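In what follows, a single structure is set out as C-alpha cells and then discussed.
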Amino acid sequence: MFSGLDSIPLGQQSAVALVNSMTRAWPALDSSGLAREVLKKRATAQSDAEHYISYTAARALLLSGDAVAASEELQKLIENAARNSQNGWQARLESMRALLALAGGHLEAAVAGAETALHLMPPSRWGYRIGGLLGTLMLAHLGMGRPSRAEQYLAADVPEQMFRTSHGLVYRYCVGHLALQLGSYRTALAHFMSCGHLMTGWGLKLERIMPWRLSAAAAYILLHEHEAALGLIEAVIEQQNRSMISTLASDEGTGGWSEDQVFRAARERTFAWLIQAAAEPDLFLSVVRLQQGARLRHEGITITRYKIDDRYSQYLSRLTVTEQKVSALVAGGSANKSIARELRVTVSTVEQHLTKIYRKLGIKNRSELRARLG
C-alpha cells in the first residue's frame, strides 16, 4: 500500500481503491487491501455519506477480483443497512452481491439477489445504476436456458446518461451476450467491440471480468469470419504471462517448448474451444474463466491443427506465388539467407518480397507475419 494514504479522508481512500481497481493506474497499490481497510472503519455506516464510502469500497473489492472478501463485506453491509431500514442502500448492495453471484456461476442466487434489489427500490429510482442490475438478470436467465425471460429486460427504460458510465458498459456487454444467443451475431459483435472501444478510451482495465475480445471472437466464429476471430484471440494471448499461456496451450505442460510453439498451441486450443463453446448459453461464464487463466475444459473438445493454406487461403490470395513461398518459409522460422538459398535468389530479393508482403497484408514485420501464419 502507498504510504500516506491513511492520512487522507476515508471517502478519498475508497475512491482511490475503486479507480485503481478499474484502471490499474497504480500497479503497486493493493486496491483490495485499501478497500478492506476502509470497510473496517465503516462497517456500521449510518449516514448517506458513510454508506457511499462503504459502497465504493465494496465495489473496489468486487472489481479487483477479491470475491471472498467482497462476499464477506457485502454480507455485513447488507445486514447493517437492513437493521437501519435503509432500503435504498440495501438495494444497491444486493445488486452488487447479485453481480458477484453471477460472476461465480451461482445463477439462481444472482436472480434472487437482483429481484430483491428491485423489490427494495423500484426501477424508477435506480437512475444510471440500473444497467448492472438489468445485465445481471439477463445473463443469469440466459445461463439457465431462459432466453425469453432474459429478453424481457431489454424492454426496460434506461437513462441515456447510463451509457456514459461503467454501469452502461456492463449493460452493453450483457446485451451483447443476449444478442449472441438470440442469433443476432452482428448486433452482438457491435456491442462487444463498442465495449472494447469504451474501455480503451476511458483507460479501464476490466477485461478480466468483461472479456470483450474473447466474446467478440465467438461472434466472429458464428459469422464464419475466422481470421478476425484469430486476430482477437492472439491479442488476448499476447496480454498473458508465460504461465497462463502455457495453461492455455496444454494440459500436460509445455516444458522444453519454444515461445512460438507455446503461442501457437495456445492459439489453436483457444480457437478450437471457442468454436465448440460459442453458441452455448453459459459462454459468458466460460470466457471470464478463460480470460482469468482457467484450463480449457469442454466435453469432447477436439484440438485441430489448421494448415496455412486452409486457414488463410483468402488472406494469401493477395500475394504472388513467390510471395506465398516466402511467407510460408518465414512462418516456418527460416531466416532470409536460408530463404534465399531455398529459392535461389539474393537476400536483397527476399527483403524486397517481404516489403511487398507486409504492405499487401497490412502488417509491420516478420514476427507479425509468423504469428499470423504460424
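Just so you know, residue 1 is the first one in the sequence shown, and it goes up from there. Remember, predicted model here, so these are calculated numbers, not experimental data.
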Quick check for you: to the nearest 0.5 Å, what is the distance between [X] atom [atom1] and [Y] atom [atom2]?
{"X": "L93", "Y": "N80", "atom1": "CG", "atom2": "CG", "value": "9.0 Å"}
{"X": "T270", "Y": "I237", "atom1": "OG1", "atom2": "CD1", "value": "4.5 Å"}
{"X": "S95", "Y": "L133", "atom1": "OG", "atom2": "CG", "value": "4.5 Å"}
{"X": "R125", "Y": "L120", "atom1": "CZ", "atom2": "CG", "value": "10.0 Å"}
{"X": "I233", "Y": "E238", "atom1": "CD1", "atom2": "CD", "value": "12.0 Å"}
{"X": "T187", "Y": "L182", "atom1": "OG1", "atom2": "CG", "value": "10.0 Å"}

Group every Ile, Leu, Val, Met, Phe, Trp and Tyr by side-chain heavy-atom contacts under 4.5 Å, then state whether [X] and [Y] land in the same group.
{"X": "W26", "Y": "L34", "value": "yes"}
{"X": "L118", "Y": "L154", "value": "yes"}
{"X": "M22", "Y": "W202", "value": "yes"}

Query raised in the report: Under the side-chain hydrogen bond (donor to acceptor under 3.5 Å, both in side chains) criterion, do R366 and S327 qualify, and how do the steps go?
Result: CA-CA 9 Å; R366 69 193 300 117; S327 296; over 6 Å; no

Query raised in the report: Going through the checks in order, is the side-chain contact (heavy atoms from CB on, under 4.5 Å) test met by R164 and E160?
Result: CA-CA 8 Å; R164 297 191 291 273; E160 182 62 30; 4.1 Å; yes

[X] vs [Y] side-chain heavy atoms within contact, under 4.5 Å:
{"X": "I221", "Y": "F271", "answer": "yes"}
{"X": "L39", "Y": "L61", "answer": "yes"}
{"X": "V170", "Y": "C174", "answer": "yes"}
{"X": "H191", "Y": "W212", "answer": "no"}
{"X": "Q181", "Y": "E151", "answer": "no"}
{"X": "F192", "Y": "R172", "answer": "no"}
{"X": "S71", "Y": "L100", "answer": "yes"}
{"X": "Q324", "Y": "I357", "answer": "no"}

Donor-acceptor contact below 3.5 Å, side chain [X] vs main chain [Y]:
{"X": "T349", "Y": "V345", "result": "no"}
{"X": "T136", "Y": "G132", "result": "yes"}
{"X": "S334", "Y": "V330", "result": "no"}
{"X": "S194", "Y": "A190", "result": "no"}
{"X": "Y185", "Y": "A179", "result": "no"}
{"X": "Q13", "Y": "V38", "result": "no"}
{"X": "S184", "Y": "L180", "result": "no"}
{"X": "E115", "Y": "A112", "result": "no"}
{"X": "N20", "Y": "A25", "result": "yes"}
{"X": "D282", "Y": "L285", "result": "no"}

Hey, are [X] and [Y] close enough for a salt bridge, meaning a charged N less than 4.0 Å from a carboxylate O?
{"X": "E342", "Y": "K325", "value": "no"}
{"X": "E234", "Y": "R267", "value": "yes"}
{"X": "E73", "Y": "R36", "value": "no"}
{"X": "R146", "Y": "E108", "value": "yes"}

Would you say the side-chain atoms of [X] and [Y] include a donor-acceptor pair closer than 3.5 Å?
{"X": "R97", "Y": "Q75", "value": "yes"}
{"X": "N84", "Y": "W89", "value": "no"}
{"X": "T355", "Y": "E351", "value": "no"}

**Report entry** Partner of R92 under side chain to side chain contact (heavy atoms under 4.5 Å, CB included), chosen from M121, Q86, H51
**Finding:**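 Filter result, single survivor: M121.
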
Report task. Answer with yes or no after comparing the ring centroid distance for H177 and Y173 against a 6.0 Å cut-off, counting only values under it. Result ->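 Here the rings of Y173 and H177 have centres that are less than 6.0 Å from each other.
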
**Report entry** Steps toward side-chain contact (heavy atoms from CB on, under 4.5 Å) verdict (T320, K360)
**Finding:** CA-CA 10 Å; T320 65; K360 289 181 180 181; 4.0 Å; yes

Requested in this report: Test side-chain contact (heavy atoms from CB on, under 4.5 Å) on L169 and T165 and set out the steps.
Outcome: CA-CA 7 Å; L169 192 62; T165 72; over 6 Å; no

Query raised in the report: More than 12 foreign heavy atoms under 6.0 Å from CZ of F163: is that the case here?
Result: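 Counting neighbours around CZ of F163, more than 12 heavy atoms of other residues, nucleotides or ligands fall under 6.0 Å, so yes.
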
Query raised in the report: Does CG belonging to D157 count more than 12 external heavy atoms closer than 6.0 Å?
Result: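 Open.
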
**Report entry** For the student: nearest non-hydrogen atoms of A277 and L283, plus distance
**Finding:**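 So the minimum-distance heavy-atom pair works out to O-CD1, 3.6 Å.
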
**Report entry** Where A216 and L232 come nearest, the two heavy atoms and their spacing
**Finding:**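 Smallest interatomic distance, heavy atoms only, reads CB-CD1, 3.6 Å.
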
Query - L214 and V288: CA distance, side-chain angles, deciding distance, side-chain contact (heavy atoms from CB on, under 4.5 Å) verdict - result: CA-CA 9 Å; L214 288 174; V288 167; over 6 Å; no

